[in-house]
Every structure is written in C-alpha cells, then in structure tokens.
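Remember, predicted model here, so these are calculated numbers, not experimental data. For ligands, and for the atoms within them, numbers begin at 1 and follow the listed sequence.
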Amino acid sequence: MSSNDFISIVVTGAAGQIGYSLVFNIIRGDMFGTEQKVRVVLMDIEPMLEGLKGLKMEIEDSCYPLVQEIVITSDPKTAFTNVDYAVLVGGMPRKEGMQRVDLLRANAAIFKVQGKALNDYAKKTVKVLVVANPANTNALIALLNAPNIPPENFSCLTRLDHNRAKAQIAMKANVNVKDVHNIIVWGNHSLTIYPDTRCGYINLPTGKATIANVIKNEAWLQGDFVSTVQVRGAAVISARKLSSAASAAKAITDHMHDWALGTPEGEYVSMGVHSDGSYGVPVGVIFSYPVTIKNGVYSIVQGLPIDQYTREKIDLTTKELVEEKESATKILAEM
Ligand SMILES: NC(=O)C1=CN([C@@H]2O[C@H](COP(=O)(O)OP(=O)(O)OC[C@H]3O[C@@H](n4cnc5c(N)ncnc54)[C@H](O)[C@@H]3O)[C@@H](O)[C@H]2O)C=CC1
Ligand SMILES: O=C([O-])CC(=O)C(=O)O
C-alpha cells in the first residue's frame, strides 16, 4: 500500500464542514483500518489556514494513536508531494443565481491546477476521489490534467447516493441497512442519478430475497424511491440550511475504505469512474457504475440486465454528463 509503514493522504477543503468530520474518520482508522498509521495533509486556501491550525490542535488533543503526522498548507506542491491518496473536497460552492456552467468554470480552474499538481508531485499510483461539485466533471478535469497518472486512478463520489438509496430500502423494508445488498446508482451525481434496485437483495431470517419481492411495490421502487434519492441532497440543505456533511464524510470513508481494502465477495458498491464504454456509456466520462474491488483495483460489474426503463434513465444521465464534458472542454480550451 505504501513504501513506508504509513499512508499519506491529502484532504483539500479541509477547513470546510465535510473536512471537519472526514479527518477524524481517517485518524480513527475507519478508512484504512485500525492498525494503519496515517500522515494527513490538510489543504485549504490561504485565508483558511488559521482555521486549519485550530483543526490541527483538535487532532493533537484527540490523542489518536494512528496519527503519523499532520501537515497544514495552502501550497499545491506541499499538499500533493508523494501522497498515496487524495480526497478533493475543496471547491467553489454554487452561489445564488449561478448557472451550472458558471460553477463548472469556477471549479475548472481549481481542478486544472490540482490535476497538474497531482501529476507533478503525487505518487504515480495515487488514488484520487473528487467530492466537490460538479463531482463527475471536476474529476474528469483533474484526470485530463494528469496524463502521467492512469485514468483508472481517478474517481468521484456517488457513494453518498448509494448509501441514501440503501437507507431508503432498509427503512421501507423495515430491515437493518447491513442486510441490504447490491444497490446500484448509475451516472451523474446530480438530479439525474438513477438508483437501481433490480439486482439488489435483502438477507431475511428466512434467506435471501430480491428487493422487489420484499418491498412488493414496483410503483414506489420506480417512482418515489428514485426521486427521494435524487433530491435527498436538496432536502438536507432545505432542512439544515447547510449541505450534507457528516453523511458525505461517511460516504467518502466507505469509498476509500473499499478502494484500498476491497469489497466482500459478490458485493457491489457504486463509484464514479472513467467510463470504458460499459453499458453503452461513451468512453471518457466519469460515470457511476456498480463495481467490485480487489487488491486496490476496481472492476465494473458486467452483464447486468438493462430493461427499457433503466436504459432511458442511464441515457438521460449520460446525456447530461456528455454535455458537461463538452462545456468543460470548451472552458479548458479558453484558459
Ligand atoms: N459528491 C457528493 O456526494 C457531495 C459533494 N459535496 C460537495 O463537496 C464540496 C465541499 O462541501 P463542504 O465541505 O460542505 O463545503 P464548505 O464550503 O464547508 O468547504 C469547502 C472548503 O473548500 C475550500 N476551498 C475552496 N477552494 C479551494 C481550493 N482551490 N483549494 C483548496 N480548498 C479550497 C474552502 O475554503 C472551504 O474551506 C462542495 O462542492 C459540495 O457541493 C457535498 C456533499 C456531497
Ligand atoms: O448539493 C450539494 O452541495 C451537496 C450534495 O452534493 C449532496 O448532498 O448530494
């Protein structure tokens, strides 16, 4: 995993609300296991360095034994040098009246710089997770600016959508979340993401049953369930007046944990990854697929049945991602 006896991970946007939860998940051992020492680089923009000093003090005061070193910085070279993992949370949030393309432009500049810094300073084996929105296309921009790092090493966070879908099914079926398996979320981390339960199953005391057979409500599975997952982020913002943070940090932790340590035999998780053309999605967009992971390498689950309804949902989210890619390509060409 690392040439040393510790793993080096950078978290950008570490002074923000996700960072405040995430960093403690990492140093507690939730991400890489309770025996794995970690060197954590906390990166944010210069005006946030004072806040990062406070976070560093809190980390020290928590006395977590896995902490090898805590570095705080706003300098990309210092942040990315020799890291094994990079979680890119920092970005420009959408402001009132801002169009999606404006958000893309503001973030393209950030992810161009960070992609180049990863390329120049990180280990060539670095595994990158982009969280900041628009997450799929920000990940693509970073990837395009890091030609020396394999495209398979870039991903974006859709595990929160996956976890949200799993939780909705568990609540509807009145079972524990740990008994719900093989949910899939397809596509873009946006309102078009498609949560799909057709391959999923639930472990009941009587044995394994399909989600459809337990829920027995196809209209709900194709209607309210899908829309609840799609608008869940907005629902949290509306209630909390802040976007999801602890649940996002948990999803990041799940994503990196599974990427580093693998998925249980037969278990799918959802990850935004560089499309290889699977399921008719064009090559070269960052698309959420069902994956299994072994020895740090993910494989897109192949051969799943795609019915007409699913095809339409996958096509819709694909169309949005292709349009985002076109906008990003134009924006990058103008820079
Ligand atoms: N993919 C997903 O499932 C989710 C994505 N998000 C996204 O994650 C991002 C972060 O969310 P929060 O922590 O709540 O936001 P926040 O606003 O609390 O924190 C963001 C941090 O990023 C920093 N930042 C801005 N530009 C930076 C740069 N160039 N380099 C380093 N740091 C920079 C800011 O100074 C701030 O400290 C947002 O874009 C949000 O939309 C949030 C939840 C779920
Ligand atoms: O919209 C946001 O900033 C937060 C987000 O992505 C989510 O909660 O899924």
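Of the heavy atoms in Ile18, both backbone and side-chain atoms come closer than 4.0 Å to ligand 1. In Asn133, the parts holding a heavy atom less than 4.0 Å from any atom of ligand 1 are both the side chain and the backbone. By the criterion of a heavy-atom distance under 4.0 Å, neither the backbone nor the side chain of Met92 is placed next to ligand 1. Contact annotation: for Ser244 versus ligand 1, heavy atoms closer than 4.0 Å belong to the backbone alone. The parts of Gln17 lying near ligand 1 are both backbone and side chain, judged by heavy-atom distances below 4.0 Å.
The distance from ligand 1 to the heavy atoms of Gly13 drops below 4.0 Å at these ligand atoms: 21 (C), 22 (O), 23 (C), 31 (C), 32 (N). Residue contact check: Val89 has heavy atoms under 4.0 Å from atoms 9 (C), 10 (C) of ligand 1. The contact set between ligand 1 and Leu160, taken as ligand atoms under 4.0 Å from a residue heavy atom, comprises 3 (O), 44 (C). For ligand 1, the atoms lying closer than 4.0 Å to a non-hydrogen atom of Ile110 are 26 (N), 29 (N). Less than 4.0 angstrom separates some heavy atom of Ala132 from each of these atoms of ligand 1: 7 (C), 8 (O), 9 (C), 39 (O). Shown in contact with Ser243 at under 4.0 Å from a heavy atom are these atoms of ligand 1, numbered in order with element: 14 (O).
Using the six-membered ring where Trp is involved, Tyr85 and Phe32 have ring planes that are tilted, between 30° and 60° apart. The aromatic rings of Tyr279 and Tyr289 lie tilted to each other, with the angle between the two planes from 30° to 60°.
If you check each of Ser247, Gly91, Ala249, Pro134 against atom 25 (C) of ligand 1, the one with the closest non-hydrogen atom is Gly91. Compare Val131, Val113, Thr158, Asp44 by their heavy atoms: the one nearest to atom 37 (O) of ligand 1 is in Asp44.
Any N or O atom pair closer than 3.5 Å counts here, and Met43 shares no such pair with ligand 1. Considering backbone and side-chain atoms together, Thr12 places no N or O closer than 3.5 Å to any N or O of ligand 1. Annotation: Asp161 places no N or O atom under 3.5 Å from an N or O atom of ligand 1; distance criterion only.
Using a cut-off of 4.0 Å between Lys/Arg side-chain N and Asp/Glu carboxylate O, Lys77 and Asp75 are scored as not salt-bridged. A salt bridge is absent between Glu334 and Lys330: the closest approach of a Lys/Arg side-chain nitrogen to an acidic carboxylate oxygen does not fall below 4.0 angstrom.
Judged purely by distance below 3.5 Å, without hydrogens or angles, the side chains of Gln168 and Thr228 never pair a donor atom with an acceptor atom. Between the side chains of Ser270 and Arg159, no donor-acceptor pair of N or O atoms lies under 3.5 Å. Counted by atom type alone, His181 and Glu267 present one or more donor-acceptor pairs between their side chains at under 3.5 Å. His189 and Ser288 form no side-chain donor-acceptor contact under 3.5 Å, judged by distance and modelled atom types alone. Between the side chains of Thr192 and Gln230, no donor-acceptor pair is found at a separation under 3.5 Å. A donor atom on one side chain and an acceptor atom on the other are not found under 3.5 Å apart for Ser327 and Arg105. No hydrogens or angles considered: nothing links the side chains of Thr158 and Asp161 as a donor-acceptor pair under 3.5 Å. Checked by atom type, the side-chain pair Asn138/Asn133 shows no donor-acceptor distance below 3.5 Å. If you check the side chains of Asn188 and Glu324, you find a donor sitting under 3.5 Å from an acceptor.
Taking NZ from Lys325 and CG from Leu104, the interatomic distance works out to 13.0 Å, rounded to the nearest 0.5 Å.
Protein heavy atom at the shortest distance from atom 3 (O) of ligand 1 is His189 CE1, 3.1 Å. The closest protein non-hydrogen atom to atom 19 (O) of ligand 1 is Gly16 CA, 3.2 Å. The shortest contact between atom 28 (C) of ligand 1 and any protein heavy atom is with Ile45 CG2, 3.6 Å.
Between Gln302 and Ser278 the shortest side-chain heavy-atom distance falls below 4.5 Å.
For the residue pair Ser8 and Arg39, the shortest heavy atom distance occurs at OG-NH1, 2.7 Å.
The number of heavy atoms from other shown groups lying within 6.0 Å of CD (Glu50) does not exceed 12.
Note on ligand 1: Ala245 sits outside its first shell, no heavy atom being nearer than 4.0 Å. Heavy-atom distances between Gln114 and ligand 1 reach below 4.0 Å in at least one pair.
In this structure, atom 17 (O) of ligand 1 is not in close contact with the protein, since no protein heavy atom lies within 4.0 Å of it.
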Does ligand 2 have any N/O pairs with the protein under 3.5 Å, and how far apart?
unit_1: ligand 2; atom_1: 6 (O); unit_2: Asn133; atom_2: ND2; d: 2.8
unit_1: ligand 2; atom_1: 6 (O); unit_2: His189; atom_2: NE2; d: 2.7
unit_1: ligand 2; atom_1: 8 (O); unit_2: Arg164; atom_2: NH2; d: 2.8
unit_1: ligand 2; atom_1: 9 (O); unit_2: Arg164; atom_2: NH1; d: 2.9
unit_1: ligand 2; atom_1: 9 (O); unit_2: Arg164; atom_2: NH2; d: 3.4
unit_1: ligand 2; atom_1: 9 (O); unit_2: His189; atom_2: NE2; d: 3.1

